[in-house]
Colleague: 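Mind having a look at this structure? Questions to follow.
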Amino acid sequence: MKTKYINLKEEYNEEKIKETAKEIVAGNLVIFPTETVYGIGANALNSEACKNIFKAKGRAGDNPLIVHVNNFDMIKQIIEEPNELEKKLLNTFCPGPFTIILKAKSIIPKSVTAGLDTVGIRMPSNKIANKLIEYAGVPIAAPSANVSGRPSGTKIEDILKEFDGKVSAIIDAGMVDIGLESTVVRVIDNKVRILRPGKITKENIEKLGIEVEIDKNILGKYDGKEKVLSPGMKYRHYAPNTKCMMVYSKNEDAMVNKINELITGKNALVVCRDKNFDKYDTKNKIKMGNSLEKMAHNIFSILRQVDKYDVDIVLIEGMEKDGLGLALNNRLLRACEYNYLEI
Ligand code: TXA
Ligand code: MG
């Protein structure tokens, strides 16, 4: 299949988005930007089209897709009446980097929900994503644009390598804003359970006077025994082929010293804050930014780069576990396959 490449990097062009929306209506796959990561989307009401997303990604059939909408009426068409707490969350965090698991109406195909009776709803704030949904006139089911197990796609150069020739169109809007996928939540017993941390933090939700729980699989390793609330938690994710290890200490000097000790005599790569770059005794180093926001923005493309360095181990500086740090820890722990040292 020839993939149409739509360049909206330099300028926004509504006609081109309208044209691309026809691909969604025709039952084809389109890769499009959101504020979090790129999505690989299809008409969420078209079961066959959605099955093709699973094929293109090599995604396990029991891992449901989230459905993107651009207005509240569209939400009403696909879910049962939400309760008061769910409404409050929808009204506060939509549009934005936020996904809420709600009871699905039967209009949503089982291929989207992976047979569950719930569906993840997300209203992106990205203008191109919104216009694409508006012109398609249907909700768009879209997981992150990456082959299953790989880091989520945050820029087109990475995405083309995996999906050129496998989708009908790709809209290039340059590097995404946030860089980590949306926060996924579910309301259970009048509390909010975070199933996947993201830019909307535990602290942001607590500010509304709501009790928030962090699912134990977020920082812990899935033990294969219990049923998980979010099937995506079960799968290997984000891990480069090269072995990675995350090292953290609240005392920054101690962290830097420990990493220097660990790389001594090894062929290693260090992924570190810009301000610590000169402190490491190796030629193989990648800067990931200084703030949690910058690190979130860069981390997936960095995880894609590390295999290009011919090294035995990658040492990654860790970060605090609150705020956006929880989301970064969640992704990096998986990238490191839980190879983590805190001192
Ligand atoms: O930011 C994002 O959320 C991006 C952009 C494209 O919107 N999308 C994304 O989708 O990250 P995906 O499929 O890569 O991740 C969705 C996560 C998966 O871990 C999946 O298991 C979980 O949400 N999920 C989807 N539907 C669910 C449901 N009904 N119940 C529990 N978890 C669900
Ligand atoms: Mg994903």
Side-chain angles (χ1 to χ4, degrees), residues 29-42 44 50 53-54 56-70 78-80 93-105 108-126 128-130 132-133 139-154 159 162-163 171 173 176-188 193-200 215 217-218 222 227-239 296 300 303 327 330-331 334-335:
L29 304 186
V30 173
I31 290 180
F32 64 98
T34 82
E35 69 276 29
T36 56
V37 298
Y38 276 84
I40 171 169
C50 291
I53 295 179
F54 286 81
K57 277 185 63 108
R59 185 176 176 104
D62 70 348
N63 194 3
L65 307 179
I66 61 181
V67 172
H68 297 67
V69 297
N70 76 327
I78 56 182
I79 56 143
E80 302 292 352
F93 297 117
C94 297
F98 183 76
T99 298
I100 178 163
I101 309 297
L102 294 164
K103 182 109 175 37
K105 283 188 175 160
I108 298 291
K110 289 291 173 204
S111 53
V112 171
T113 63
L116 300 174
D117 58 2
T118 54
V119 62
I121 300 290
R122 165 146 144 75
M123 193 187 289
S125 58
N126 178 286
I128 296 172
N130 273 288
L132 187 70
I133 303 166
I140 297 182
S144 50
N146 53 279
V147 166
S148 275
R150 301 281 299 149
S152 299
T154 52
I159 292 170
E162 294 182 351
F163 292 107
I171 303 178
V176 295
D177 277 352
I178 297 174
L180 295 180
E181 312 89 334
S182 62
T183 306
V184 178
V185 306
R186 179 165 178 173
V187 171
I188 301 170
R193 174 85 60 94
I194 297 185
L195 303 180
R196 181 178 68 184
K199 172 87 181 173
I200 303 292
D215 196 277
N217 290 303
I218 282 176
Y222 174 57
K227 188 166 180 285
V228 281
L229 278 170
S230 183
M233 290 175 178
K234 290 189 302 193
Y235 296 104
R236 185 174 186 270
H237 216 331
Y238 313 120
F300 284 150
L303 287 174
N330 167 260
R331 308 312 192 273
R334 286 157 169 251

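Position 1 is the first residue of the sequence; numbering continues from there. Counting starts at 1 for both ligands and their atoms, following the listed order. Keep in mind the model is a prediction, meaning the values are calculated, not measured.
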Colleague: What I want to check is whether the side chains of E181 and S152 have a donor and an acceptor closer together than 3.5 Å.
Modeller: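 Yes.
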
Colleague: Does T113 come within less than 4.0 angstrom of ligand 1, counting non-hydrogen atoms of the residue?
Modeller: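 No, T113 has no heavy atoms under 4.0 Å from ligand 1.
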
Colleague: For atom 3 (O) of ligand 1, what is the nearest protein heavy atom, given as residue, atom name and distance?
Modeller: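 For atom 3 (O) of ligand 1, the nearest protein heavy atom is S182 OG, 2.6 Å.
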
Colleague: Establish, from distance only, whether the side-chain atoms of T36 and S182 form a donor-acceptor pair under 3.5 Å.
Modeller: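 Checked: T36/S182 side chains show no N/O donor-acceptor pair below 3.5 Å.
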
Colleague: Checking a contact table here: which protein heavy atom is nearest atom 6 (C) of ligand 1, and how many Å away?
Modeller: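 Of the protein heavy atoms, G39 CA, 3.6 Å lies nearest.
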
Colleague: Any N/O of T118 closer than 3.5 Å to an N/O of ligand 1?
Modeller: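 In this structure, T118 places an N or O atom under 3.5 Å from an N or O of ligand 1.
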
Colleague: Considering only heavy atoms, which of V119, N146, I101 lies nearest to atom 33 (C) of ligand 1?
Modeller: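 Checking each option, the heavy atom nearest atom 33 (C) of ligand 1 is found in I101.
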
Colleague: Any N/O/S atom, backbone or side chain, of S144 lying under 2.8 Å from the Mg ion (ligand 2)?
Modeller: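 Checking the Mg ion (ligand 2) against S144, an N, O or S atom does fall under 2.8 Å.
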
Colleague: How long is the gap from CG on L65 to CD1 on I140, to the nearest 0.5 Å?
Modeller: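 Spacing of CG (L65) from CD1 (I140) equals 12.5 Å.
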
Colleague: Can any side-chain N or O of N330 pair as donor or acceptor with the backbone N or O of I218 at less than 3.5 Å?
Modeller: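 The answer is yes, because a donor-acceptor pair under 3.5 Å joins these two groups.
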
Colleague: To the nearest 0.5 angstrom, please state how far the CG atom of N70 sits from the CZ atom of R122.
Modeller: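 So the gap between those two atoms works out to 13.0 Å.
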
Colleague: From E80 CD over to L102 CG, what is the distance, rounded to the nearest 0.5 angstrom?
Modeller: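 Answer for the CD-CG pair, E80 versus L102, is 10.5 Å.
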
Colleague: Quick one: closest heavy-atom pair of K110 and L116, and the distance?
Modeller: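 In terms of heavy atoms, the two residues are closest at NZ-O, 3.5 Å.
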
Colleague: Among H237, R122, R196, which residue places a heavy atom closest to atom 16 (C) of ligand 1?
Modeller: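 Minimum heavy-atom distance to atom 16 (C) of ligand 1 goes to R196.
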
Colleague: Among protein heavy atoms, which lies nearest atom 31 (C) of ligand 1, and at what distance?
Modeller: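 So the nearest neighbour among protein heavy atoms is L229 O, 3.1 Å.
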
Colleague: Hey, can you tell me if F98 and F93 have their rings parallel, tilted or perpendicular (30° and 60° cut-offs)?
Modeller: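 Answer is tilted, since the angle falls between 30° and 60°.
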
Colleague: For T183 and G198, indicate whether the former's side chain and the latter's backbone hold a donor-acceptor pair under 3.5 Å.
Modeller: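 Judged by distance alone, yes, a pair lies under 3.5 Å.
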
Colleague: For ligand 1, is there an atom lying under 4.0 Å from some heavy atom of R59?
Modeller: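 It does; at least one heavy atom falls under 4.0 Å.
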
Colleague: Among all protein heavy atoms in this structure, tell me which lies nearest to atom 27 (C) of ligand 1, with the distance rounded to 0.1 Å.
Modeller: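 Here the nearest protein heavy atom works out to P64 CG, 3.3 Å.
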
Colleague: Have a look at T183, L195, N63 and point out the one with the heavy atom closest to atom 20 (C) of ligand 1.
Modeller: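 Result: the heavy atom closest to atom 20 (C) of ligand 1 is in N63.
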
Colleague: Looking only at distance, does T34 have an N or O less than 3.5 Å from an N or O of ligand 1?
Modeller: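 N/O-N/O distance below 3.5 Å does not exist for this pair.
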
Colleague: For atom 8 (N) of ligand 1, grab the closest protein heavy atom and report residue, atom and distance to one decimal in Å.
Modeller: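 Sorting protein heavy atoms by distance from atom 8 (N) of ligand 1 puts I66 CD1, 3.6 Å first.
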
Colleague: Quick test: of every protein heavy atom, which one is nearest to atom 4 (C) of ligand 1, and how far off is it to 0.1 Å?
Modeller: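 Nearest protein contact, heavy atoms only, for atom 4 (C) of ligand 1 is V37 CG2, 3.7 Å.
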
Colleague: Under the 3.5 angstrom rule, does the side chain of Y38 hit a backbone N or O of A173 as a donor-acceptor pair?
Modeller: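 Side chain of Y38 to backbone of A173: a pair is present.
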
Colleague: Is there side-chain contact between D215 and S230, with heavy atoms separated by less than 4.5 Å?
Modeller: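 In short, these two side chains do not touch, never coming nearer than 4.5 Å.
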
Colleague: Would S144 count as being in polar contact with ligand 1, using the rule that some N or O on each side must be under 3.5 angstrom apart?
Modeller: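 Right, the criterion is met.
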
Colleague: Do any nitrogen or oxygen atoms of E181 lie less than 3.5 angstrom from nitrogen or oxygen atoms of ligand 1?
Modeller: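 Such a contact does not occur with ligand 1.
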
Colleague: Regarding atom 7 (O) of ligand 1: of the candidates K103, E35, M123, H68, which has the closest heavy atom?
Modeller: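 Looking at heavy atoms only, the winner is H68.
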
